[in-house]
Amino acid sequence: MEMVVLENEPEVLMENISNKGNRDTSAAPGLKLYRCVAVSFGLLCIIQVALNISLRLSLERDNLRKLNSDYEAGTKNLTEERDELKGKLNDYISGNEAKIKTLTGERDELKRRLDVLISGNEGKIKTLTGERDELKRRLDVLISGHGAEIKTLTGERGELRRRLDESQSQQNALIRERDELKRTLNDFDQLFQKGWEYFHSSFYYISSTEKTWQESRDDCVSRGANLMIIDSQEEQDFTRRFPKRMWIGLTDRAQEGTWRWVDGTLLQRSYWYSGEPNDEWGEEDCAEINYKDVENSWNDMPCDRQIHWICEKKMAP
Ligand code: BGC
Ligand code: CA
């Protein structure tokens with residue numbers, strides 16, 4: 001392939017091209033037109049470049065101008081701020097100078113007055129120290145002269161203190177006792193008002209309605225008591241005051257033939273009516289006061305029978 005050498009002259013270039021591409025030299029007017037277009041295009045390119053450069057320069061100039069004016073404004077602001085701060089600093093310094101001067105004056109005045117005070121008190125302190133030493137000396141003389149007396153008095157004071165402590169604790173014990181008695185009295189009062197009877201350190205409640213043995217026991221418990229436990233001849237005699245059939249707190253429900261009181265203790269001294277307990281109905285596991293006109297008044301009964309009952313609430317003797 002043959003190489004085409006590009007020359008600076010567009011005419012030569014165009015000629016070369018036209019000579020290679022088209023050997024027909026008869027096309028001269030077309031060539032001229034072609035040259036004209038190429039030259040115009042070249043000029044346009046040059047103008048375009050010139051315009052671009054001038055536009056770019058104009059933009060750069062504007063930017064520089066703007067930067068310059070910003071910089072000038074910033075410098076102006078900074079200068080103003082610096083001047084303002086300078087003014088403030090001066091004011092502050094001059095204000096504090098006056099204060100320092102005042103405070104220094106006050107301090108000097110206080111120092112002077114303190115000196116005056118100290119020098120005035122030195123005399124007083126000396127006098128007071130002397131007086132104190134004299135009093136101490138006289139007290140020593142007094143103590144040594146009345147040593148025995150002071151010993152006796154100290155001993156008496158100790159004894160009095162001991163007796164005071166003793167009577168104080170006695171008084172405290174009395175207060176406790178009084179409060180306890182007040183509570184007891186209040187309890188008694190309440191129980192009497194509710195119809196309970198007092199006998200040999202216990203209160204007794206005789207029901208006005210009839211219930212089974214278990215219901216009767218539950219009722220006594222709800223009153224802070226239990227079915228009656230008879231553990232003395234006097235108590236047994238006491239039951240004869242009430243002409244009623246009444247459940248007492250005695251049962252052999254847990255083990256047939258083994259009678260126990262409701263507090264779990266085994267029956268010791270009994271007051272069965274003759275022939276009792278006979279377990280007549282095959283299952284008579286609860287005890288009642290039945291035969292009120294005799295000393296031995298107990299009978300065993302089916303627990304589900306409904307009769308009156310007697311509760312007992314033991315009080316501290
Ligand atoms: C008997 C008692 C028995 C009672 C039951 C009486 O006749 O003597 O032993 O417990 O009847 O209701
Ligand atoms: Ca019986």
Side-chain angles (χ1 to χ4, degrees), residues 177 179-317:
E177 223 173 293
D179 292 347
E180 180 63 27
L181 279 170
K182 264 187 185 170
R183 273 194 294 276
T184 309
L185 192 65
N186 189 49
D187 289 350
F188 271 58
D189 196 39
Q190 297 274 314
L191 289 167
F192 279 130
Q193 277 182 31
K194 287 176 187 166
W196 290 65
E197 295 228 9
Y198 187 69
F199 180 77
H200 282 218
S201 304
S202 282
F203 271 98
Y204 297 91
Y205 174 81
I206 293 93
S207 76
S208 54
T209 58
E210 295 179 335
K211 288 182 187 293
T212 65
W213 186 89
Q214 187 58 50
E215 287 167 353
S216 303
R217 188 181 177 189
D218 292 345
D219 176 81
C220 293
V221 171
S222 76
R223 294 170 194 272
N226 213 327
L227 280 171
M228 184 183 185
I229 294 170
I230 299 169
D231 49 15
S232 73
Q233 178 73 55
E234 289 79 19
E235 262 192 306
Q236 173 59 21
D237 288 344
F238 172 74
T239 62
R240 295 172 68 184
R241 294 186 196 176
F242 310 102
K244 283 178 178 176
R245 292 180 69 172
M246 307 180 292
W247 289 123
I248 56 171
L250 185 64
T251 177
D252 72 342
R253 282 192 309 183
Q255 195 183 342
E256 184 58 41
T258 304
W259 289 89
R260 283 183 188 275
W261 292 107
V262 282
D263 64 357
T265 54
L266 268 176
L267 173 65
Q268 302 288 329
R269 171 81 168 91
S270 64
Y271 299 91
W272 294 113
Y273 186 69
S274 89
E276 306 294 346
N278 59 3
D279 209 20
E280 190 181 80
W281 300 91
E283 203 171 356
E284 293 191 317
D285 291 342
C286 294
E288 61 158 343
I289 304 285
N290 190 332
Y291 304 99
K292 61 183 184 305
D293 50 345
V294 289
E295 187 189 0
N296 292 331
S297 59
W298 300 359
N299 172 43
D300 60 340
M301 279 257 287
C303 300
D304 57 1
R305 291 283 179 85
Q306 296 199 338
I307 57 170
H308 293 94
W309 67 95
I310 180 166
C311 302
E312 180 181 5
K313 188 199 237 328
K314 280 196 188 303
M315 306 303 280

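What you see is a predicted model, and the numbers here were worked out from it, not measured in a lab. Start at 1 and go down the list; that is how both ligands and their atoms are numbered.
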Asks: Please state which protein non-hydrogen atom is closest to atom 2 (C) of ligand 1 and give its distance, to 0.1 Å?
Replies: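 The closest heavy atom on the protein side is E276 OE2, 3.3 Å.
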Asks: Please report which non-hydrogen protein atom sits nearest to atom 5 (C) of ligand 1, along with the residue it belongs to and the distance in Å to one decimal place.
Replies: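 Protein heavy atom with the smallest distance to atom 5 (C) of ligand 1: W281 NE1, 3.3 Å.
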Asks: If you draw a 6.0 Å radius around CD in E283, do more than 12 non-hydrogen atoms from other residues or ligands fall strictly inside?
Replies: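 No, CD of E283 has 12 or fewer neighbouring heavy atoms, counting only those of other groups under 6.0 Å.
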Asks: What atom name does the N, O or S atom of E276 nearest to the Ca ion (ligand 2) carry?
Replies: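 Minimum-distance N/O/S atom of E276 relative to the Ca ion (ligand 2) is OE1.
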Asks: Which value, rounded to 10°, describes the O(D300)-the Ca ion (ligand 2)-OE1(E284) angle?
Replies: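 Answer comes to 80°, rounded to 10°.
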Asks: In terms of atom number and element, which parts of ligand 1 are under 4.0 angstrom from non-hydrogen atoms of D300?
Replies: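 Contacts of ligand 1 toward D300, numbered from 1: 10 (O).
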Asks: What residue and heavy atom of the protein are closest to atom 12 (O) of ligand 1, and at what distance?
Replies: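 Ranking protein heavy atoms by distance from atom 12 (O) of ligand 1, first comes R305 NH1, 3.2 Å.
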Asks: Begin from the C-alpha positions of W259 and W298 and carry the test ring pair (Phe, Tyr, Trp, His ring centres under 6.0 Å) through to its verdict.
Replies: CA-CA 12 Å; W259 289 89; W298 300 359; 8.7 Å; no
Asks: Verify the contact flag for atom 9 (O) of ligand 1, where contact means a protein heavy atom under 4.0 Å away.
Replies: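 Under the 4.0 Å cut-off, atom 9 (O) of ligand 1 does have protein heavy-atom neighbours.
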Asks: To the nearest 0.5 Å, how far apart are CZ in R253 and CZ in R260?
Replies: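 Going from CZ on R253 over to CZ on R260, the span is 13.5 Å.
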Asks: Return the closest protein heavy atom for atom 3 (C) of ligand 1 as residue, atom name and distance.
Replies: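 Minimum-distance protein heavy atom for atom 3 (C) of ligand 1 reads E284 OE2, 3.5 Å.
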Asks: Measuring from atom CG of N296 to atom CD of Q236, what distance do you get when rounded to the nearest 0.5 angstrom?
Replies: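 Those atoms lie 7.0 Å apart.
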Asks: Is the cationic atom of R241 (NZ for Lys, CZ for Arg) positioned less than 6.0 Å from the six-membered ring centroid of F238 and within 45 degrees of its normal?
Replies: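 Relative to the ring axis of F238, which defines the angle, R241 lies outside at least one limit.
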Asks: To the nearest 0.5 Å, tell me how far Y204 OH sits from E312 CD.
Replies: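 The CD atom of E312 is 3.5 Å from OH of Y204, to the nearest 0.5 Å.
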Asks: Is any N or O atom of N278, backbone or side chain, closer than 3.5 Å to an N or O atom of ligand 1?
Replies: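 In this structure, N278 places an N or O atom under 3.5 Å from an N or O of ligand 1.
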Asks: Nearest to atom 1 (C) of ligand 1, what protein heavy atom do you find, and at what distance?
Replies: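 Heavy-atom neighbour on the protein nearest atom 1 (C) of ligand 1: E280 OE2, 3.7 Å.
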Asks: Does E235 reach the main-chain N or O of D231 with its side chain, forming a donor-acceptor pair under 3.5 Å?
Replies: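 Such a contact is found between E235 side chain and D231 backbone.
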Asks: Within rounding of 10°, what is the angle whose vertex is the Ca ion (ligand 2) and whose arms end at OD1 of N299 and OD1 of N278?
Replies: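 The two atoms subtend 140° at the Ca ion (ligand 2).
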Asks: Write out the residue and atom name of the closest protein heavy atom to atom 4 (C) of ligand 1, then the distance separating them to 0.1 Å.
Replies: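 Going atom by atom, the protein heavy atom closest to atom 4 (C) of ligand 1 ends up being N299 ND2, 4.0 Å.
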Asks: Any chance you could measure E284, atom CD, to C303, atom SG, to the nearest 0.5 Å?
Replies: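 It is 9.5 Å, given to the nearest 0.5 Å.
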